[in-house]
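Worth knowing before you read on, the calculation uses all heavy atoms, side chains too, and leaves out hydrogens, waters and symmetry mates. Please read these numbers as outputs of a predicted model, since none were measured by experiment.
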Amino acid sequence: MKKIFSLLLVCMMLFITSCNQTPPNETTTGSSQNQEKPEDGLPQDIIIKNGVSDFIDMPSRILFEYTVPEGEQYTFYYSKVDGKAYVYCFDPLCDHSGGKCLANLMDLEHLSVFEFRNMFFIHDRFYTANQRGQIFSFAFDGSDVKTEYGKNSFTVDEFNEYSLYWSPNFRVYDKYIYIPVDADENGNPRTLRFNTETKEMEDLTERSGNSISPHFFYNGKIYGRDAKLRTWIKADLDLKEMTPIEAQPTTNQFYGSVFFDCAYERIDSKTKKYLGLESYNMKTGETKIITNEMLGLEEANQCIVASVDETYIYFYQYKKVLLGERETHWGVQPISKYNEGKLYRVKHDGTECTLIYDNPNFEFNSREAVICGNQIILEGSEYSVEADGYVVCTSSGMQIGTMGEDGKIEKFKPIELVY
């Protein structure tokens, strides 16, 4: 009996530690927050699943696109278990070409346009939509590609005709993909909704007479702009009731029911006075300003909110800094970066603002980061300025930093890529 038990235990360990196998199903974590569910089962708090995210954050991995030194652009996933980034393919014999895997879906013959930013994970399958009226889905491991809606292929004329058929501002809520159409055959805006369970495409405008350009969802309601008047409205999920409202936040940084963004005062049509950070609570309707004085910042530059977790806001300041010069095709050119290489974090209430990373030779290249435990992942570059003033880029791409107990990061390192 003991031998049988030992054999079963060994088999279980082999199964758990196996790699390059089809991964288990997962559920996306939204903005790394817990979504409460009311009696009707619909997710609550702020939901933004649109096409502007650089990452898809899932329980065991983080997906992102990256161009490798050889010039190929692949979909990678960062493993939260071992801290490496693997090309999104689970076949060790695959060369990631010819549309064989999720790593390089642009090669699929019938998928005319694939954009990572329009890829969504809904009920254990990935979905992607494009402006040519196509919706595709595939399994978690990138296999089993299915045409869910639209044409499988286009002639050259059709390819051009359908190029702007749908607006790229898709939104996903629960099992639905909301699809804005800027102008139908009669020049009127429409709102479509695709049900990923029934595979039914619904014309919400035909049913209700209303259309919306959705920005986000909150507590089972759509917040966006009236497709005709461009004024802000709140609507039910079927667009039967449309209520005019004040302008809402358009940032993608939020936690629970609270949006976070840069705070500024408009001086004129071209000039802003930057005040610090601000938060807007959807639940209470209250706006709070975290001033530069509260943050301990001497210069009033634009704050870029890179990420938000349960406790902290992570941000850096936009500031053009001259590094040196570099030889180019047009001769010697000045080289600048657009931030000082300083990353801050502050609690949601504006207290305990801390400079957690300070490297004058580092530049944050994206407006988005992912917090994964005590690690932060973002896109950045590090430079070296030679004695003659010439600038050399020593590393560039997806970087990872580990926060110590005090929250500070000693160094950002390029993520190890396995492909």
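At least one side-chain heavy atom of His215 sits under 4.5 Å from a side-chain heavy atom of Thr250. Between His96 and Tyr88 the shortest side-chain heavy-atom distance does not fall below 4.5 Å. With a 4.5 Å cut-off on side-chain heavy atoms, Tyr316 and Lys342 do not count as touching. With a 4.5 Å cut-off on side-chain heavy atoms, Ile177 and Thr196 count as touching. The shortest distance between side-chain heavy atoms of Asn359 and Tyr357 falls below 4.5 Å. Using a 4.5 Å heavy-atom threshold, the side chains of Ile313 and His348 count as touching. At least one side-chain heavy atom of Thr402 sits under 4.5 Å from a side-chain heavy atom of Asn374. A 4.5 Å side-chain heavy-atom check between Thr67 and Glu72 finds every atom pair outside the cut-off.
Remark: Arg326 CZ to Cys393 SG distance equals 6.5 Å, nearest 0.5 Å. To the nearest 0.5 Å, atom OG1 of residue Thr128 and atom CZ of residue Arg117 are 10.0 Å apart. Considering CG of Leu343 and CZ of Phe315, their distance stands at 8.5 Å, rounded to 0.5 Å. Taking OH of Tyr77 as the reference point, atom CG of Leu63 lies at 9.5 Å (rounded to 0.5 Å). Separation of atoms CD1 (Ile335) and CD (Glu325) is listed at 9.0 Å; rounding is to 0.5 Å. Ile376 contributes atom CD1, which lies 10.0 Å from atom CD1 of Ile400 (distance to the nearest 0.5 angstrom).
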Checklist entry - For Arg190 and Asp203, what are the C-alpha separation, side-chain angles and deciding distance, and is it a salt bridge (Lys or Arg N to Asp or Glu O under 4.0 Å)? => result CA-CA 8 Å; Arg190 306 188 80 80; Asp203 190 330; 3.0 Å; yes
Item to check | Ile415/Lys84 under side chain to side chain contact (heavy atoms under 4.5 Å, CB included): CA gap, chis, key distance, verdict | outcome: CA-CA 7 Å; Ile415 288 180; Lys84 298 179 181 179; over 6 Å; no
Next on the checklist: Using the rule given for ring-ring contact (aromatic ring centres under 6.0 Å, His included), can you reason through Phe364 versus Phe362, listing the C-alpha separation, both sets of side-chain angles and the distance that settles it, and then say yes or no?
Outcome noted: CA-CA 7 Å; Phe364 304 107; Phe362 194 87; 5.3 Å; yes
Item to check | Derivation and outcome, side chain to side chain donor-acceptor pair (under 3.5 Å), residues Glu363 and Tyr383 | outcome: CA-CA 8 Å; Glu363 180 180 24; Tyr383 301 91; 3.1 Å; yes
Item to check | Check against side chain to side chain contact (heavy atoms under 4.5 Å, CB included), Phe194 and Tyr149 | outcome: CA-CA 9 Å; Phe194 182 74; Tyr149 186 85; 4.2 Å; yes
Checklist entry - Hey, mind stepping through Asp45 and Ser257 against side chain to side chain donor-acceptor pair (under 3.5 Å) and telling me if it holds? => result CA-CA 5 Å; Asp45 287 339; Ser257 62; 4.9 Å; no
Checklist entry - Between Asp238 and Arg193, does a salt bridge (Lys or Arg N to Asp or Glu O under 4.0 Å) hold up when you go through it step by step? => result CA-CA 9 Å; Asp238 298 319; Arg193 183 175 69 183; 2.9 Å; yes
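Ring orientation note: the planes of Phe217 and Tyr178 are tilted relative to one another, at an angle of 30° to 60°.
Residues Phe121 and Phe140 bring their aromatic ring centres within 6.0 Å. Outside the 6.0 Å centre-distance limit, the rings of Phe136 and Phe138 are not counted as a close aromatic pair. In this structure, the ring of Tyr280 has its center no less than 6.0 angstrom from the ring center of Phe259. No close placement of the Tyr173 and Phe120 rings is indicated, their centers lying 6.0 Å or farther apart.
Sorted by first then second residue, the salt bridge (Lys or Arg N to Asp or Glu O under 4.0 Å) pairs that include residues 387-414, not counting sequence neighbours, are Glu382-Lys411.
For the residue pair Asp309 / Tyr314, a side-chain donor-acceptor distance below 3.5 Å is found, with atom types taken as modelled. Side-chain contact check for Glu148 and Ser137: at least one donor-acceptor pair (N or O, by modelled atom type) lies under 3.5 Å. For the residue pair Gln131 / Tyr165, no side-chain donor-acceptor distance below 3.5 Å is found, with atom types taken as modelled. In summary, the side chains of Thr231 and Asp226 do not present any donor paired with an acceptor at a separation below 3.5 Å, with no hydrogens or angles considered. For the residue pair Asp82 / Tyr78, no side-chain donor-acceptor distance below 3.5 Å is found, with atom types taken as modelled.
A donor-acceptor contact shorter than 3.5 Å links the side chain of Thr284 to the backbone of Glu286. In terms of modelled atom types and a separation under 3.5 Å, the side chain of Gln134 and the main chain of Lys151 share a donor-acceptor contact. Using a distance-only test at 3.5 Å, with no hydrogens or angles considered, a donor-acceptor pair links the side chain of Thr205 to the main chain of Thr191. With hydrogens and angles ignored, the 3.5 Å screen pairs a side-chain donor or acceptor of Asn130 with a backbone N or O of Arg132. For Thr291 (side chain) and Gly276 (main-chain N/O), no donor-acceptor pair under 3.5 Å exists by modelled atom type.
Between Pro59 and Lys80, the closest heavy-atom pair is O-CD, 3.3 Å. Scanning both residues, Ala263 and Glu278, for their nearest heavy atoms gives CB-CB, 3.7 Å. The shortest non-hydrogen separation linking Ile233 to Pro244 is CG2-CA, 4.1 Å. Scanning both residues, Asp141 and Phe90, for their nearest heavy atoms gives CB-CD1, 3.7 Å. Smallest separation of non-hydrogen atoms from Lys228 and Pro189: CG-CG, 3.7 Å. Nearest heavy atoms, Glu65 versus Met398: O-CE, 4.3 Å.
For Arg225, there are no salt bridge (charged side-chain N to carboxylate O under 4.0 Å, His left out) partners, not counting sequence neighbours. Take Lys175 and apply the salt bridge (charged side-chain N to carboxylate O under 4.0 Å, His left out) test, not counting sequence neighbours, and it matches Glu197. With sequence neighbours excluded, the residues forming a side chain to side chain contact (heavy atoms under 4.5 Å, CB included) with Tyr419 are Val68, Pro69, Glu70, Tyr74, Phe76, Val87, Leu417, listed by chain and number. When the side chain to side chain contact (heavy atoms under 4.5 Å, CB included) test is applied to Ile245, the partners found at least two apart in sequence or on another chain are Tyr223, Trp232, Lys234, Gln248.
Classification of Lys273 and Asp268 as a salt-bridged pair fails, no side-chain N sitting under 4.0 Å from a carboxylate O. A salt bridge links Asp144 to Arg125: one of the charged nitrogens lies within less than 4.0 Å of a carboxylate oxygen.
A cation-pi contact links Lys272 to Tyr264, judged by a cut-off of 6.0 Å to the six-membered ring centre and 45° from its axis.
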Using distance only, find each side-chain donor-acceptor pair of residues 294-306 under 3.5 Å and give its atom names and separation, not counting sequence neighbours.
residue, atom, partner, partner atom, Å
Glu299, OE1, Lys319, NZ, 3.3
Glu299, OE2, Lys319, NZ, 2.8

